[in-house]
Amino acid sequence: MTQHRDQHTPGEPTGTASAATPADAPSGPRMHALSQRTLGGPEVLELAELPRPAPGPSQLLVAVHAAGLNPTDWKHRAHPAFLPAPPFVLGWDVSGTVEEVGVGVTLFQPGDEVFGMLPYPYGAGSHAEYVTGPARAFARKPAGIDHVQAGALPLASLTAWQALVDTAGLEAGQRVLIHAAAGGVGHLAVQIAKARGAYVIGTASAGKHDFLRGLGADELIDYRTTDCAEAVREADVVLDTIGGEYRSRSLRTLRPGGLLVSILPVDREELVAEAESLGVRAETLLVEADHTGMQAIAALAASGQLRAEIAGTYPLAEGAKAHALGETNRTTGKLVLTVR
């Protein structure tokens, strides 16, 4: 076990305390990271050399092999959000090998292969060669999946798990409507819902219906031609990944007492009030780092019940290309940055 000074201070991202450190910082171990010095389009991303972070108490230092991309990455890249002003390194998904452990860590040792989601939202920093994070944000990577697959799973899978299982308590035989079912969260939510024994209705463009049938979706709606509020009745749960008018329309698909869970945690009071007026319920969710949830995700992945569709892989130096593709909102599944 190696103990290092904890570089984190209140208000800083916890994923890598070095993300905002100038390149001319004092000498020491270095690493490459996909960094940015200003907000803007994909062109603001650059491969930079930064100090390598060290694990603080209860933390791991992970040598990153692969790190998934999520819509929250390009949103934070372009707009003021949860993170402090740049410079910073984005990325919450990570799969890699434990390089060092901080004082107090008992779950892992150097050499262990792990995957997980850094604490959202302040723990960004996985789009780098090394990253630190709380030991209990990770789980052991299943031996049967590679790092690209493992790096694609955490944030999107945890979002789906926490929405469908922790929040909605989805049970066998229940009807669940999943919006944007071919997207990063959506296609994993379809698989999690099927693993729970639910009847799955998904919305997606017609060209993605065969893909979703292959994942087990029972019923599919082409959102371009069909209004879900007209096509679906008596749903027990709705997973809203889109927001806007979809929320109001989706509330009308629920049975009395049914629940809509939105992964866009805005305008909660308005949403809840509208739901109550219709005799249904609504919640908004912000995904949390979760060791128990990651263990559940690992078990599903190990059993073959959960697998990320990989829309493309890019080396760290080509992260801007991955961001540009992701922002089209036309990919199926997940984009992943490969580091090792």
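Below, each value reflects all heavy atoms present in this structure, side chains not excepted, and no hydrogens, waters or symmetry copies.
Under the ring pair (Phe, Tyr, Trp, His ring centres under 6.0 Å) criterion, His65 pairs with His147, not counting sequence neighbours. By the salt bridge (charged side-chain N to carboxylate O under 4.0 Å, His left out) test, Arg77 is found to be paired with Glu327, residues two or more places apart in sequence or in another chain being considered. Residues passing the side-chain hydrogen bond (donor to acceptor under 3.5 Å, both in side chains) test with Glu171, sequence neighbours excluded: none. Checked against side chain to side chain contact (heavy atoms under 4.5 Å, CB included), Gln162 has the following partners two or more places apart in sequence or in another chain: Leu158, Asp166, Leu285, Val287, Glu288, Asp290. Checked against side-chain hydrogen bond (donor to acceptor under 3.5 Å, both in side chains), Asp222 has no partners two or more places apart in sequence or in another chain.
Considering every non-hydrogen atom in both Gly125 and Val131, the closest pair reads O-CG2, 3.4 Å. In terms of heavy atoms, Ala198 sits closest to Val176 at CB-CG1, 4.1 Å. Nearest heavy-atom pair across Ala63 and Arg340 is C-NH1, 3.6 Å. In terms of heavy atoms, Leu260 sits closest to Leu254 at N-CD1, 3.7 Å. The minimum heavy-atom distance linking Leu83 with Tyr122 is given by the pair CD2-CA, 4.1 Å. Nearest heavy-atom pair, Leu271 versus Ala282, reported as atom, atom and distance to 0.1 Å: CG-CB, 3.6 Å.
Salt bridge absent: Asp218 and Arg213 never bring a charged side-chain N and a carboxylate O closer than 4.0 Å.
Contact of the Thr72 side chain with the Tyr120 side chain is registered, since non-hydrogen atoms from C-beta on lie closer than 4.5 Å. Within the 4.5 Å cutoff, no side-chain heavy atoms of Arg175 are placed close to those of Leu170. Contact check for Thr97 versus Val64: no side-chain heavy atoms found under the 4.5 Å cut-off. Side-chain contact check for Leu316 versus His127: some heavy-atom pair is nearer than 4.5 Å. In this structure, Thr159 and Trp161 have side chains that are not in contact, with every pair of non-hydrogen atoms separated by 4.5 Å or more. Using a 4.5 Å cut-off on side-chain heavy atoms (C-beta onward), His32 and Glu129 make contact. A heavy-atom distance below 4.5 Å is found between the side chains of Leu39 and Pro80. Two residues are said to be in side-chain contact when any heavy atoms from C-beta on lie closer than 4.5 Å; Phe108 and Val114 meet this criterion.
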Salt bridge (charged side-chain N to carboxylate O under 4.0 Å, His left out) evaluation trace for Arg268 with Glu283: CA-CA 7 Å; Arg268 181 183 182 278; Glu283 288 290 350; 3.1 Å; yes

message: side chain to side chain contact (heavy atoms under 4.5 Å, CB included) for Thr132 and Leu60? Distances and angles first, verdict last.
response: CA-CA 5 Å; Thr132 56; Leu60 304 180; over 6 Å; no

task: Run the numbers on Ile297 and Leu306 for side chain to side chain contact (heavy atoms under 4.5 Å, CB included), then give the verdict.
output: CA-CA 8 Å; Ile297 298 305; Leu306 184 66; 3.8 Å; yes

task: Check the pair Ile263 / Val185 against side chain to side chain contact (heavy atoms under 4.5 Å, CB included), numbers first and verdict last.
output: CA-CA 10 Å; Ile263 64 170; Val185 171; 4.2 Å; yes

field: Verdict with supporting geometry, Val148 and Ile310, side chain to side chain contact (heavy atoms under 4.5 Å, CB included)
entry: CA-CA 8 Å; Val148 168; Ile310 306 301; 4.1 Å; yes

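Contacts classified as salt bridge (charged side-chain N to carboxylate O under 4.0 Å, His left out) and involving residues 245-259 (residues at least two apart or in different chains) are given here: Asp227-Arg249, Asp236-Arg255, Asp240-Arg247, Glu245-Arg249, Arg252-Glu274. Legend: salt bridge (charged side-chain N to carboxylate O under 4.0 Å, His left out) pairs involving residues 111-126, not counting sequence neighbours, sorted by first then second residue: Asp112-Arg140, Glu113-Lys141. Pairs passing the salt bridge (charged side-chain N to carboxylate O under 4.0 Å, His left out) check and including a residue from residues 54-73, sequence neighbours excluded, do not occur. Sorted by first then second residue, the salt bridge (charged side-chain N to carboxylate O under 4.0 Å, His left out) pairs that include residues 36-46, not counting sequence neighbours, are Arg37-Glu46.
In this structure, Leu239 is not a member of the same hydrophobic cluster as Tyr199, with clusters built from ILVMFWY side-chain heavy atoms closer than 4.5 Å. The hydrophobic cluster containing Val190 also contains Phe211, counting ILVMFWY residues as joined when their side-chain heavy atoms lie under 4.5 angstrom apart, directly or transitively. There is no path of hydrophobic side-chain contacts, each under 4.5 Å, that joins Leu278 to Val261. Each of Leu259 and Leu177 belongs to its own hydrophobic cluster when Ile, Leu, Val, Met, Phe, Trp and Tyr are linked at side-chain heavy-atom distances under 4.5 angstrom.
Here the straight-line distance linking atom CZ of Phe138 with atom CG of Leu118 works out to 5.0 Å at 0.5 Å rounding. Taking NE2 of His209 as the start and CD1 of Ile221 as the end, the distance is 8.5 Å to the nearest 0.5 Å. Here Phe82 contributes atom CZ and Lys75 contributes atom NZ; the two are 10.5 Å apart, rounded to the nearest 0.5 Å. In this structure, Leu212 CG and Glu219 CD are separated by 13.0 Å, a value rounded to the nearest 0.5 Å. Between atom NE2 of residue His187 and atom CZ of residue Arg307 there is a gap of 9.5 Å, rounded to the nearest 0.5 Å. To the nearest 0.5 Å, atom CG of residue Leu215 and atom CD1 of residue Ile192 are 11.5 Å apart.
Residue-environment remark: CD (Glu270) stays at or below the threshold of 12 foreign heavy atoms within 6.0 Å. Around NZ of Lys321, the count of heavy atoms belonging to other residues, nucleotides or ligands within 6.0 Å does not exceed 12.
A donor-acceptor pair under 3.5 Å is formed between the side chain of Ser126 and the backbone N or O of Gly91. In this structure, the side chain of Arg281 engages the main chain of Gly257 through a donor-acceptor pair within 3.5 Å. In this structure, the side chain of Ser157 does not engage the main chain of Pro154 through any donor-acceptor pair within 3.5 Å. Checking side-chain atoms of Arg136 against main-chain N and O of His291 turns up no donor-acceptor pair under 3.5 Å. The closest donor-acceptor contact from the side chain of Thr253 to the backbone of Ser250 lies under 3.5 Å.
With ring centers used as reference points, Trp92 lies under 6.0 Å from His76.
When hydrophobic residues (I, L, V, M, F, W, Y) are linked wherever their side-chain heavy atoms come within less than 4.5 Å, the members clustered with Tyr246 are Tyr223, Ile242.
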With a cut-off of 3.5 Å and sequence neighbours excluded, list every side-chain donor-acceptor pair involving residues 329-336.
unit_1	atom_1	unit_2	atom_2	d
Lys334	NZ	Asn70	OD1	3.3
Lys334	NZ	Asp93	OD2	3.1
Lys334	NZ	Ala152	O	2.5

I'd like a table of donor-acceptor pairs (distance under 3.5 Å, sequence neighbours excluded) in which one partner is a side-chain atom from residues 200-207, with atom names and distances.
unit_1	atom_1	unit_2	atom_2	d
Thr203	OG1	His179	ND1	3.2
Thr203	OG1	Ala180	N	3.1

